[in-house]
*Asks:* 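The following block contains the structure, expressed as structure tokens.
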Protein chains: 2
Amino acid sequence: MDDRVKNIINGIFPITENSFQLIKELLVFETYKKGETFIQRNKRNEKEYFILSGVCKSYLINPEGDEITISLFTENSVLSPFQIRTSKSISNLNFKALTDLKLASIDAKNFESLMIENLEIRNFANTVLQNELISKVEKEIGLASLSAKERLIDFRKRYKMLENIIPHPDIASYLGITNISLSRLRKDLME
Amino acid sequence: MDDRVKNIINGIFPITENSFQLIKELLVFETYKKGETFIQRNKRNEKEYFILSGVCKSYLINPEGDEITISLFTENSVLSPFQIRTSKSISNLNFKALTDLKLASIDAKNFESLMIENLEIRNFANTVLQNELISKVEKEIGLASLSAKERLIDFRKRYKMLENIIPHPDIASYLGITNISLSRLRKDLME
DNA sequence: GGTTTCCATTAACATTTGATAAAAAGCAAT
DNA sequence: ATTGCTTTTTATCAAATGTTAATGGAAACC
């Protein structure tokens, strides 16, 4: 299991075995069942996560009571942006498992201590932050310049098999449409 | 003019006079006329900017040849995210002045050298990066969960007088709608 | 001053998307 | 297999948005 975390980190910013040992000692493993909400709004989350297997989403609840999918997080990625705990709107986000989920977590305060004393870990965290920003800008570009049908086509490229694994309403709200409209587009794209 | 830059920096992350002097020596002042594109796609931009006055946008050109507004940047803000020069999609962005524009620029390589040797400046740059990410997530939340009319209402709150200053087609594409639709919504909101 | 270009609004029509309800298809547990 | 539950699809109608084109006005240019 530890090796899975090492692979995730090295896929983002390679670090030495010594640096990884510092992280390894602090790792805690967690599992959640499909449908479980494991971070709730306004409950300060003081952990960073590595996704070992499964898919989850960040979401918020609109005035009508619907869950709006903001981001999707897949296997072998880092879940929460490091260092960002100050924004009110972001702290309102919930996180829910969309499939059975295996996570490795690390206490945020402990991790920040590591960042201060270890340049490699700091660079890793900074790279995560940059990647987050890049992916946001890319999604921003997609939402602003593509039609719903084009966004679905783009989604299929970026998230391959996810359409067969997670509930369609979650995909639909990620794309900014209803699940009925998603169903129509799916039919449309089958010719 | 230097003081303007100092105020912008201190509004984001306060630094000492000594640290500011390091930046001050490297500042170059630039002006652009309304409508000028001052960063063009694929021409690597090796500067960071402080916006002293005016408004500008980042945009890309879709296959139909239309300009799609991605972000708006207003007076007293920092324009380009530090350290992010690697993403292909982001390097495809253009930047255009939407009003007459006064900028202070600093060579990116020089600035990075300052970041390495000066902790305050590094923290400032990191805060800019975090703020960028926060604002992207907030925009993402808005685009996914609000109707076009609600997005316009939100836009008016966040950008106050901008609607009277910059061309409506730029606002419309920022909101993800056509300028004709924007015109209808404007009429609608006047009751 | 006059011309030209760009911008904002409006109208008419086509297309897309949303809302609601109902039917069909999967899936899990017995 | 059958029963329930959830998810996905389909149908119908209403609302929102896009497209094209025409109009009027403001700003920029010569």
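Protein chains get the first letters and strands the later ones, always in sequence-line order, with residue 1 at the start of each.
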*Asks:* I need the CG-P distance between Leu185(A) and dT15(C), as an integer number of Å.
*Replies:*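 To the nearest whole Å, that distance equals 16 Å.
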
*Asks:* With respect to the phosphate group of dT17(D), does any side-chain polar atom (N or O) of Thr178(B) fall under 4.0 Å of OP1 or OP2?
*Replies:*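 No, because none of the side-chain N or O atoms of Thr178(B) sits under 4.0 Å from OP1 or OP2 of dT17(D).
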
*Asks:* Group every Ile, Leu, Val, Met, Phe, Trp and Tyr by side-chain heavy-atom contacts under 4.5 Å, then state whether Ile116(B) and Val128(B) land in the same group.
*Replies:*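 Hydrophobic grouping puts Ile116(B) apart from Val128(B).
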
*Asks:* Provide, to the nearest angstrom, the distance between the CG atom belonging to Asn62(A) and the C1' atom belonging to dG18(C).
*Replies:*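 Whole-Å distance recorded here is 14 Å.
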
*Asks:* What is the distance, rounded to the nearest whole Å, between atom CG of Leu189(B) and atom C1' of dT9(C)?
*Replies:*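 Interatomic distance, CG of Leu189(B) to C1' of dT9(C): 15 Å.
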
*Asks:* Can you measure Glu150(B) atom CD to dA15(D) atom C1' for me and round it to whole angstrom units?
*Replies:*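 After rounding, the reported distance stands at 14 Å.
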
*Asks:* Can you find a side-chain donor-acceptor pair between Asn118(A) and Ser19(A) that sits under 3.5 Å?
*Replies:*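 Side-chain D/A pair, Asn118(A) to Ser19(A): present.
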
*Asks:* Whether Glu117(A) and Arg122(A) form a salt bridge (side-chain N of Lys/Arg under 4.0 Å from carboxylate O of Asp/Glu) is what I want to check.
*Replies:*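 Salt bridge absent between Arg122(A) and Glu117(A).
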
*Asks:* ring-ring contact (aromatic ring centres under 6.0 Å, His included): which pairs involve residues 14-37 of chain A, sequence neighbours left out?
*Replies:*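 Listed by first then second residue: Tyr32(A)-Phe38(A).
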
*Asks:* Would you call Arg156(B) and Glu163(B) a salt bridge, taking side-chain N to carboxylate O under 4.0 Å as the test?
*Replies:*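 Salt bridge between Arg156(B) and Glu163(B), a charged N being under 4.0 Å from a carboxylate O: yes.
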
*Asks:* Just distance, no hydrogens or angles: give the donor-acceptor pairs under 3.5 Å from side chains in residues 50-58 of chain B, sequence neighbours left out.
*Replies:*
{"residue": "Lys57(B)", "atom": "NZ", "partner": "Glu67(B)", "partner atom": "OE1", "Å": "2.7"}
{"residue": "Lys57(B)", "atom": "NZ", "partner": "Asp170(B)", "partner atom": "OD1", "Å": "2.6"}
{"residue": "Ser58(B)", "atom": "OG", "partner": "Ser71(B)", "partner atom": "N", "Å": "3.1"}

*Asks:* Grab the CG-C1' distance between Leu152(B) and dT17(D) for me, whole Å please.
*Replies:*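 Going from Leu152(B) (CG) to dT17(D) (C1'), I get 14 Å.
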
*Asks:* Can you build the contact string for nucleotides 23-30 of chain D? Use B for base contact, S for sugar-phosphate-only contact, and - for no protein heavy atom under 4.0 Å.
*Replies:* --------

*Asks:* Using atom NZ of Lys149(A) as one end and atom C1' of dT17(C) as the other, report the distance to the nearest whole Å.
*Replies:*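 Answer to the nearest Å: 13 Å.
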
*Asks:* Please state how far atom CD1 in Ile165(B) lies from atom P in dC7(C), giving the value in whole angstrom units.
*Replies:*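 Nearest whole value for this atom pair: 16 Å.
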
*Asks:* Ignoring hydrogens and geometry beyond distance, is a side-chain donor-acceptor pair present between Gln21(B) and Glu17(B) at under 3.5 Å?
*Replies:*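 Present: a donor and an acceptor within the cut-off.
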
*Asks:* According to side chain to side chain contact (heavy atoms under 4.5 Å, CB included), who are the partners of Lys34(B), at least two apart in sequence or on a separate chain?
*Replies:*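 Lys34(B): side chain to side chain contact (heavy atoms under 4.5 Å, CB included) contacts with Asp100(B).
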
*Asks:* Do we see a donor-acceptor contact under 3.5 Å between the side chains of Ser105(A) and Glu48(A)?
*Replies:*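 Side chains of Ser105(A) and Glu48(A): no pair found under 3.5 Å.
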
*Asks:* Answer yes if the side chains of Ser147(A) and Glu150(A) hold a donor-acceptor pair under 3.5 Å, and no otherwise.
*Replies:*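 Yes, a side-chain donor-acceptor pair sits under 3.5 Å.
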
*Asks:* More than 12 non-hydrogen atoms from neighbouring residues, nucleotides or ligands closer than 6.0 Å to NZ on Lys6(B), yes or no?
*Replies:*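 Yes, because the 6.0 Å sphere around NZ of Lys6(B) holds more than 12 heavy atoms from other groups.
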
*Asks:* Report, as a single string ordered 5' to 3', how protein heavy atoms within less than 4.0 Å touch nucleotides 7-14 of chain D: B base, S sugar-phosphate only, - not at all.
*Replies:* -SBBBB--

*Asks:* Work out how much the helix from dG1(C)-dC30(D) to dT30(C)-dA1(D) bends between its end axes, five pairs an end, to the nearest 10 degrees.
*Replies:*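 If I round to tens, the end axes sit 50° apart.
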
*Asks:* Within this structure, what is the CD1-to-C1' distance between Ile177(B) and dT17(C), rounded to whole angstrom?
*Replies:*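 The distance from CD1 of Ile177(B) to C1' of dT17(C) comes to 15 Å, rounded to the nearest Å.
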
